[in-house]
Structure formats: structure tokens, C-alpha cells
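Report on the structure given below.
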Amino acid sequence: MSRNHPQGFVKTLRTLSVALILMLIDVGSVGAGDKAHSLLVMGDSLSAAYGLKVEQGWVSLLARKLEQEKPTWQVVNASISGETTAGGASRIEGELKQHRPQLVIIELGANDGLRGLPLDVAEANLERMILASKAAGARVLLVGMRIPPNYGPDYTEAFQAMYDELAARHQLPLLKFLMDPIAADRNNYLDDNLHPSAAAQPMLLAHVWGTLAPLLR
């Protein structure tokens, strides 16, 4: 068979070869699981899937949702059960340095409130986390909490207002109350009446997603 090919055939072959190489590079990148964006969650037991399998928690459900809908995003869950704002503030620099997130979800404060800790200290800790995240180039979604009324109206109202004030001061998107869609029904909780059940986790995810989705750009 002759080795002489028409010039047009050779040109077409070269074009196809370049296209194939580029396609393989693109497929290889996706297949390698490269993630261009990182979302860091700094939370307490409510985000650490306390009492459940890790994969049942709303943060894990979020990770799976992003794999399907926003595949360039990865979720790093740095939440710890029992964590206070002081613990989060002490860890934030290391987490930011390690994971270099584009977005940070801060879901802390409930344990401060339940222990009756000074709110000015909790606010200062949260502000430290916010400022550190912004300094690292990350946007912040602040997630608010509420505490039972038996702590007294002054403390409970000041606790709730703390999140509003921080969000306004630093111009942050705010999810006012993580537990809002499940709080009224005790069937949504484990036997301790504090932590959401596995069945309630998708509702928490849907609630977070409404505020989070516009930030995933």
C-alpha cells in the first residue's frame, strides 16, 4: 500500500490528533478528581453527625450533592462534637493553611450558649474566625443558632442578636437558624432531644443549600 497520502487527509489527521490529545487531557483531569474549589465547614456536633454514621450527616450529604451538581467543589468537614467558639478560633488558622478554602461555613456558638459562657467572648471568637477566613481570601457563610428560653430573655435574645450583628458588621450571608425546619417536631431528634436524627439531615441540607448555592461560583 502506498505511503503517499493526499495533503488534505494529512491535515485532517493532524487536526483529529490534536483534538484527541486535548480531550484525553480533559478527561484525565476529571478522572483524577481534581477539585478547583474547597468548602471548609467549621462546626460542632450538629455538623459532625453526632450519634449517626458520618455519611448520614448533612455535611456528607452536601458533599454528595456537590459531586453531582458542582463537581469542581470539594467539602472538608472540620467539625468537632462539643466544639466551642474558642476551639474553632484556635483551629481556624491551621485549617485555612491546610485546605486553602474558597468558602468557609462557620456553624459554632451553640455549646457556648448551652454552657452560659460570656457572649462577648463568643462574639470575639467568631469574629476572629471571620477575619482570618477573609484574610485568607475565603468567603464566609455564617450559620446562626438559638438556645432554649430557660436561660433567660436577656441572654437568649443577646445570643441570637450576636449572629445578626456579626453578619451586618462583616457583610456576610447569614443562615439565621440551622435547625429552623426541624425545631418544632421532636420526632426529628435523637433521644437526647438535642441532636437531629438521620431522617432530619436532608431537611437541614435543603435549608443550608438555599443560602449556600448562590455562593458556589
Side-chain angles (χ1 to χ4, degrees), residues 37-50 52 56-66 69-70 73-81 83-85 87-89 92 95-96 101-114 119 122-123 125-134 138-148 156-185 188-189 194-217:
H37 305 94
S38 178
L39 190 165
L40 174 65
V41 182
M42 297 288 293
D44 50 34
S45 58
L46 300 176
S47 298
Y50 175 87
L52 308 174
Q56 293 177 310
W58 74 265
V59 178
S60 291
L61 297 180
L62 171 62
R64 291 205 290 275
K65 185 177 181 67
L66 291 179
E69 300 184 19
K70 303 280 185 178
W73 282 86
Q74 66 174 344
V75 176
V76 178
N77 192 359
S79 303
I80 298 176
S81 292
E83 184 76 297
T84 61
T85 59
I92 187 66
E95 298 291 350
L96 291 170
Q102 283 69 46
L103 181 59
V104 178
I105 296 178
I106 300 176
E107 179 275 300
L108 286 170
N111 289 312
D112 296 65
L114 292 175
L119 294 183
E123 183 173 345
N125 289 332
L126 290 172
E127 188 162 49
R128 176 180 168 184
M129 297 181 71
I130 292 166
L131 292 174
S133 298
K134 284 190 164 187
R139 286 164 289 142
V140 176
L141 169 58
L142 184 62
V143 177
M145 285 300 301
R146 294 177 187 168
I147 55 174
T156 55
E157 290 172 12
F159 180 85
Q160 186 174 339
M162 173 177 68
Y163 296 98
D164 294 321
E165 292 167 3
L166 283 167
R169 188 183 309 152
H170 297 286
Q171 299 181 326
L172 304 178
L174 171 66
L175 185 70
K176 282 184 171 289
F177 182 32
L178 175 64
M179 314 289 273
D180 192 49
I182 69 169
D185 187 351
N188 289 323
Y189 292 83
L194 289 174
H195 296 94
S197 66
Q201 299 296 321
M203 289 187 278
L204 294 180
L205 171 59
H207 185 46
V208 173
W209 185 255
T211 305
L212 174 63
L215 305 176
L216 300 171
R217 60 181 188 272

From [X] [atom1] over to [Y] [atom2], what is the distance, rounded to the nearest 0.5 angstrom?
X: Ile130; Y: Ile92; atom1: CD1; atom2: CD1; result: 10.0 Å
X: Leu66; Y: His37; atom1: CG; atom2: NE2; result: 11.5 Å
X: Ile182; Y: Leu178; atom1: CD1; atom2: CG; result: 7.5 Å
X: Met203; Y: Asp185; atom1: CE; atom2: CG; result: 7.5 Å
X: Ser60; Y: Lys65; atom1: OG; atom2: NZ; result: 15.0 Å
X: Glu157; Y: Ile147; atom1: CD; atom2: CD1; result: 10.5 Å

Looking at every non-hydrogen atom in both residues, tell me the closest pair between [X] and [Y] and how far apart they are.
X: Pro173; Y: Leu215; value: CG-CD1, 3.7 Å
X: Leu52; Y: Pro196; value: CD1-O, 3.8 Å
X: Val59; Y: Ser47; value: CG2-O, 3.4 Å
X: Thr156; Y: Pro148; value: CG2-O, 3.2 Å
X: Thr85; Y: Ala122; value: OG1-CA, 3.5 Å
X: Arg217; Y: Trp73; value: O-CZ2, 3.8 Å

Under 3.5 Å, is there a donor-acceptor pair between the side chain of [X] and the main chain of [Y]?
X: Glu107; Y: Asp44; result: yes
X: Trp58; Y: Leu46; result: yes
X: Asn111; Y: Glu83; result: yes

Check step by step if side-chain contact (heavy atoms from CB on, under 4.5 Å) holds for Leu62 and Leu212. CA-CA 10 Å; Leu62 171 62; Leu212 174 63; 3.7 Å; yes
Run Met129 and Leu108 through side-chain contact (heavy atoms from CB on, under 4.5 Å) and show every step you take. CA-CA 10 Å; Met129 297 181 71; Leu108 286 170; 3.8 Å; yes
Of Leu141, Leu142, Asn77, Leu40, which is the lone residue that meets side chain to side chain contact (heavy atoms under 4.5 Å, CB included) with Ile105? Leu141
Report yes if some heavy atom in the side chain of [X] is under 4.5 Å from a heavy atom in the side chain of [Y]; otherwise report no.
X: Lys134; Y: Leu172; answer: yes
X: Glu69; Y: Leu216; answer: no
X: Gln102; Y: Ser38; answer: yes
X: Val140; Y: Ile106; answer: yes
X: Leu96; Y: Pro101; answer: yes

Summary of salt bridge (Lys or Arg N to Asp or Glu O under 4.0 Å) pairs that have at least one residue in residues 166-184, sequence neighbours excluded: Glu123-Arg169, Glu127-Arg169, Asp164-Lys176
By side chain to side chain contact (heavy atoms under 4.5 Å, CB included), Ser45 pairs with (sequence neighbours left out) Tyr50, Ser81, His195
Restricting to side chain to side chain contact (heavy atoms under 4.5 Å, CB included), what partner residues turn up for Pro202, sequence neighbours left out? Leu61
Sequence neighbours excluded, which residues qualify as side chain to side chain donor-acceptor pair (under 3.5 Å) partners of Gln56? none
With sequence neighbours left out, the residues meeting side chain to side chain donor-acceptor pair (under 3.5 Å) with Asn188 are none
Considering only residues two or more places apart or on different chains, which pairs with a residue in residues 158-181 satisfy ring-ring contact (aromatic ring centres under 6.0 Å, His included)? Phe159-Tyr163
